[in-house]
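Comments concern the structure below.
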Amino acid sequence: MDSKYSLPQDGGLILEGTPKDIIHRYEKIPTSIFEIESQGVEYVAQQIVEAIHTHNEKNPSRHFKLGLTTGRTPYGIYQELVKRYEAGEVSFSNVEVYSLDEFYPIKDTELQSRNYHIKKNLLDKVDIKPENVNLIDGTKPIGEVSAYCAEYERKARNLDLIIIGMGEQGQVGFNEAGSYAKSVTRLVQLSHQSRKAQANSFYGIENTPRLAITMGLNTVMSAQRIILVAWGENKASTLRKVVEEDATRLIPASLLQNHNQIEAVVDDPAAEALTVKKAPWLVGPCNWTPRMVRKAVVWLCETVKKPILKLTYKDYIENSLGELLDEVGMSYDKINIKVFNDLQHTITGWPGGKPNADDSTRPVPSTPFPKRVIVFSPHPDDDVISMGGTFIRLAEQGHDVHVAYETSGNVAVHDDVVLQHIDSARELGYGDRVEEVRQIIASKKKGEPEPRALLNLKGAIRRAEARAAVRSFGLNPDTNAHFLNLPFYETGGIKKGERTDKDIEIITELLQQVKPHQIYLAGDLADPHGTHRVCTEAVLEALHRLKAQGEAWLEECVIWLYRGAWMEWEIGMVDMAVPLSPDELIKKRHAIYRHLSQKDIVPFPGDDSREFWQRAEERTQNTARLYDLLGMAEYQAIEVFVKMQI
């Protein structure tokens with residue numbers, strides 16, 4: 001939870017001195033936004049601790065009734081509560097807890113059980129009394145479930161406080177789209193979408209339960225107070241619908257707008273689409289930094305559908321940007337020209353800097369040349385998917401480019417692919433081990449990590465693919481491709497371990513070996529499996545420690561954040577845009593093709609079933625269209641980056 005990652009902040013709504021009614025004017029659920037998740041976690045934990053203390057002072061004879069959400073969202077909150085309990089700041093001896101949902105059927109000893117994680121991460125580590133633990137029972141015989149749900153409903157109503165998360169489609173617990181506002185605790189059938197989202201934890205959708213028991217929306221609404229929690233970019237678009245748009249059964253969490261004691265607690269990435277972040281000038285007074293001016297002008301272009309140099313005074317006034325003209329002290333046409341030039345200066349065909357050139361308006365200095373570069377790739381294909389064109393150009397322009405594959409990616413290889421490779425080796429005369437591998441595959445057990453021997457084969461396949469990809473554009477994989485195999489990833493399953501000092505040490509060793517002038521990092525934290533976030537934070541922690549040690553080479557080092565196949569940077573945030581020609585786009589596509597185990601059948605695609613090369617091309621071509629619509633030159637595709645200072 002000691003996160004070093006946050007999006008670069010520059011300008012925005014002036015909070016100090018601005019009344020809360022103005023700050024929250026677009027919100028139907030008042031929302032507290034924190035820069036990073038760990039800050040939000042501390043806030044929520046503090047609210048729980050204070051609520052327990054207040055209750056015990058006023059109602060010592062009655063237990064405090066606390067509702068707990070499940071999934072990844074509350075994990076940090078549980079950690080923080082345990083820390084505060086161990087510090088003597090809170091006791092749970094007078095607390096009753098109620099869980100929000102559970103798969104059915106499932107035992108609470110199974111790793112995929114919601115109750116397993118509540119117990120392991122919180123309840124087993126604090127002084128709560130066993131008789132006060134009320135977790136939904138996923139083992140009840142089917143004939144007893146209705147009566148059990150009715151009894152659980154009776155006990156779980158009128159909670160003093162409930163902490164809830166929400167799914168990416170706005171689910172509350174397992175209340176799917178279409179759930180009634182008056183729904184109560186019940187057995188529900190999970191949608192295919194929800195089962196697909198959980199399939200990774202169960203090692204395949206065929207092993208994922210079709211049923212679950214969940215509190216109803218009315219049960220949740222009966223609580224005295226609700227805190228809705230959301231972390232990460234993948235929740236951003238849904239959060240906007242929940243917090244700002246009209247309530248609808250299609251987005252169950254939006255129905256919570258009708259509660260009179262509800263608050264949303266989110267981090268900056270989750271808040272990206274909220275008006276207070278996306279267009280703060282619509283909310284109240286702003287700090288008009290150059291970056292915020294550019295963000296507003298790009299937004300205005302998209303709103304009125306005009307290129308920058310065609311914006312008029314009327315456009316600014318009619319779209320709530322009169323304050324911008326007043327505060328900046330420039331006429332609208334001068335602002336247009338300034339932003340146009342600013343945006344144009346982000347475009348460069350020399351991502352490592354152009355030697356012997358005037359670099360006063362370029363995003364990257366011309367010296368030193370060549371530069372030492374490390375591209376950190378969370379999985380063995382994120383490098384070419386997310387920034388393949390830039391990677392190729394850096395290599396072809398003579399820079400000393402290294403790529404660090406942070407994890408093995410072994411769980412993302414189908415068994416059939418392994419058999420095909422072993423069969424190919426047999427057909428080529430390099431040994432017949434097909435039956436041996438077939439038996440290893442057959443030894444897999446439902447719901448358990450894969451055999452290590454099988455994972456080793458899958459990791460080898462992905463290493464060979466990554467080597468082929470970088471070799472395809474002239475990089476030497478023996479000297480410039482580094483396979484870090486960070487330990488946190490090597491659990492044998494989708495659920496990963498904790499980031500530890502061992503992960504940091506491996507990254508630190510490579511950084512000290514290369515001493516890069518440029519570092520490219522995954523800023524695309526909407527990755528649904530969380531690996532990107534852990535990898536990026538591990539690199540930032542390593543840099544943080546090296547800086548504390550006074551490493552001199554860090555003075556010249558710059559971080560460039562890329563985003564991958566899941567989403568893209570907004571144009572208003574971009575610091576460097578690297579255009580790709582049609583031929584360069586084909587080169588990038590061919591590098592992605594080398595990752596054959598990920599082609600045709602994407603093992604863990606999220607909500608987008610397209611192949612990664614298709615997503616990447618659509619993303620970069622759409623960025624090029626946006627630049628074109630703003631009045632820039634027309635390109636085939638553009639890869640964009642945000643700068644982060646160390």
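Just so you know, these numbers use all the heavy atoms, side chains as well, and skip hydrogens, waters and symmetry mates.
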Measure the spacing between CZ of R240 and CG of L274 and express it to the nearest 0.5 Å.
7.5 Å
Taking only Lys NZ, Arg NE, NH1 and NH2, and the carboxylate oxygens of Asp or Glu, determine whether D400 and K515 approach each other closer than 4.0 Å.
no
Can a donor-acceptor pair be found, under 3.5 Å and without considering hydrogens, that links the side chain of E323 to the backbone of C286?
yes
Looking at every non-hydrogen atom in both residues, tell me the closest pair between Y75 and E498 and how far apart they are.
OH-OE2, 2.7 Å
If you define the side chain from C-beta out and look only at heavy atoms, does anything of V534 sit under 4.5 Å from L486?
no
Nearest-0.5 Å distance that lies between atom CG in L561 and atom CD1 in I519:
10.5 Å
In sequence, state the C-alpha distance, the side-chain angles, and the governing distance for R291 and D575, and then conclude on salt bridge (charged side-chain N to carboxylate O under 4.0 Å, His left out).
CA-CA 10 Å; R291 177 66 64 87; D575 292 303; 2.4 Å; yes
Has D478 got more than 12 heavy atoms of other residues, nucleotides or ligands less than 6.0 Å from its CG?
yes
In the structure I gave you, are the side-chain heavy atoms of L394 and T390 within less than 4.5 Å of one another anywhere?
yes
Looking only at heavy atoms, what is the nearest atom pair of W350 and T348, with distance?
N-OG1, 3.0 Å
Determine whether a donor-acceptor pair (N or O, by modelled atom type, separation under 3.5 Å) exists between the side chain of R619 and the backbone of E568.
no
From CA spacing to verdict: side-chain contact (heavy atoms from CB on, under 4.5 Å), Y78, V41
CA-CA 9 Å; Y78 295 163; V41 159; over 6 Å; no
Keeping the roles fixed (side chain from S366, backbone from N356), state whether a donor-acceptor pair exists under 3.5 Å.
no
One pair to check against side-chain contact (heavy atoms from CB on, under 4.5 Å): S597 and E465. What are the steps and the verdict?
CA-CA 8 Å; S597 69; E465 292 172 344; 2.9 Å; yes
Under-4.0 Å salt bridge between E80 and R84:
yes
Nearest heavy-atom neighbours spanning G409 and P380
CA-CD, 4.0 Å
Could you state the interatomic distance from CD (E406) to CD1 (I507), rounded to the nearest 0.5 Å?
5.5 Å
With rounding to the nearest 0.5 angstrom, report the CG to CD distance, D268 to Q39.
8.5 Å
Please step through side-chain contact (heavy atoms from CB on, under 4.5 Å) for the pair H532 and D382, ending with a clear verdict.
CA-CA 9 Å; H532 283 207; D382 287 314; 3.1 Å; yes
Do T407 and P378 come close enough that some side-chain heavy atom pair is under 4.5 Å?
no
Given side-chain contact (heavy atoms from CB on, under 4.5 Å), test R462 with V413 step by step and report yes or no.
CA-CA 8 Å; R462 297 215 67 181; V413 178; 3.5 Å; yes
Measure the OG1-CD1 distance between T31 and I23 for me, rounded to the nearest 0.5 Å.
12.0 Å
Is the backbone N or O of R533 less than 3.5 Å from a side-chain atom of T536, with the two atoms forming a donor-acceptor pair by type?
no
Would you say the side chain of Y627 lies within less than 4.5 Å of the side chain of T346, judging by non-hydrogen atoms?
yes
Any carboxylate oxygen within less than 4.0 angstrom of a Lys/Arg side-chain nitrogen, looking at D381 and R594?
no
Walk me through whether R72 and E37 qualify under salt bridge (charged side-chain N to carboxylate O under 4.0 Å, His left out).
CA-CA 12 Å; R72 194 204 76 81; E37 179 182 334; 3.4 Å; yes
S408 side-chain N/O to N485 backbone N/O, donor-acceptor pair under 3.5 Å:
no
Within the 4.5 Å heavy-atom criterion, are W281 and M292 side-chain neighbours or not?
yes
Would you check if there is a donor-acceptor pair between the side chains of S360 and D358 at a distance under 3.5 Å?
yes
Do the non-hydrogen side-chain atoms of H482 and I374 ever get within less than 4.5 Å of each other?
no
Is Q513 atom CD crowded by more than 12 heavy atoms from other residues, nucleotides or ligands, each under 6.0 Å away?
yes
What's the verdict on salt bridge (charged side-chain N to carboxylate O under 4.0 Å, His left out) for E584 and K588, showing C-alpha distance, side-chain angles and the deciding distance?
CA-CA 6 Å; E584 287 171 325; K588 173 179 176 176; over 6 Å; no
Would a distance-only check, ignoring hydrogens and angles, find a side-chain to backbone donor-acceptor pair under 3.5 Å from E639 to G388?
yes
Between V229 and V44 the two heavy atoms that sit nearest each other are CG2-CG2, 4.2 Å
Taking V403 as the fixed residue, which of F391, F483, F376 is the one that meets the side-chain contact (heavy atoms from CB on, under 4.5 Å) rule?
F391
Give a yes or no on whether the backbone of F369 and the side-chain of T367 come within a donor-acceptor separation of less than 3.5 Å.
no
Within the structure provided, determine whether I347 and P579 are in side-chain contact (heavy-atom separation under 4.5 Å).
yes
Mind checking the CD1-CE spacing from I392 to M387? Nearest 0.5 Å is all I need.
10.0 Å
With a 3.5 Å cut-off and no angle check, do the side chains of Y405 and D383 form a donor-acceptor pair?
yes
Spell out, as yes or no, whether a donor-acceptor pair under 3.5 Å connects the side chain of R615 to the backbone of I385.
no
Look at the side chain of H517 and the backbone N and O of R372, then say whether any donor-acceptor pair between them is shorter than 3.5 Å.
yes
What class does the angle between the rings of Y520 and F641 fall in, given that below 30° is parallel, 30 to 60° is tilted and above 60° is perpendicular?
perpendicular
Near Q549 CD, under 6.0 Å, is it more than 12 heavy atoms from other residues, nucleotides or ligands?
yes
I559 side chain reached by L543 side chain, heavy atoms, under 4.5 Å
yes
As a quick check of understanding, evaluate salt bridge (charged side-chain N to carboxylate O under 4.0 Å, His left out) for D267 and K235, giving each step before the final call.
CA-CA 10 Å; D267 61 2; K235 300 291 179 70; over 6 Å; no
Say whether N410 and E490, considering side chains only, have a donor N or O and an acceptor N or O under 3.5 Å apart.
yes
Short N-O contact, E570 and K295, less than 4.0 angstrom
yes
Would you find a donor on one side and an acceptor on the other, under 3.5 Å apart, between the side chain of E541 and the backbone of D503?
no
Decide if the gap between the ring center of F34 and the ring center of Y43 is smaller than 6.0 angstrom.
yes
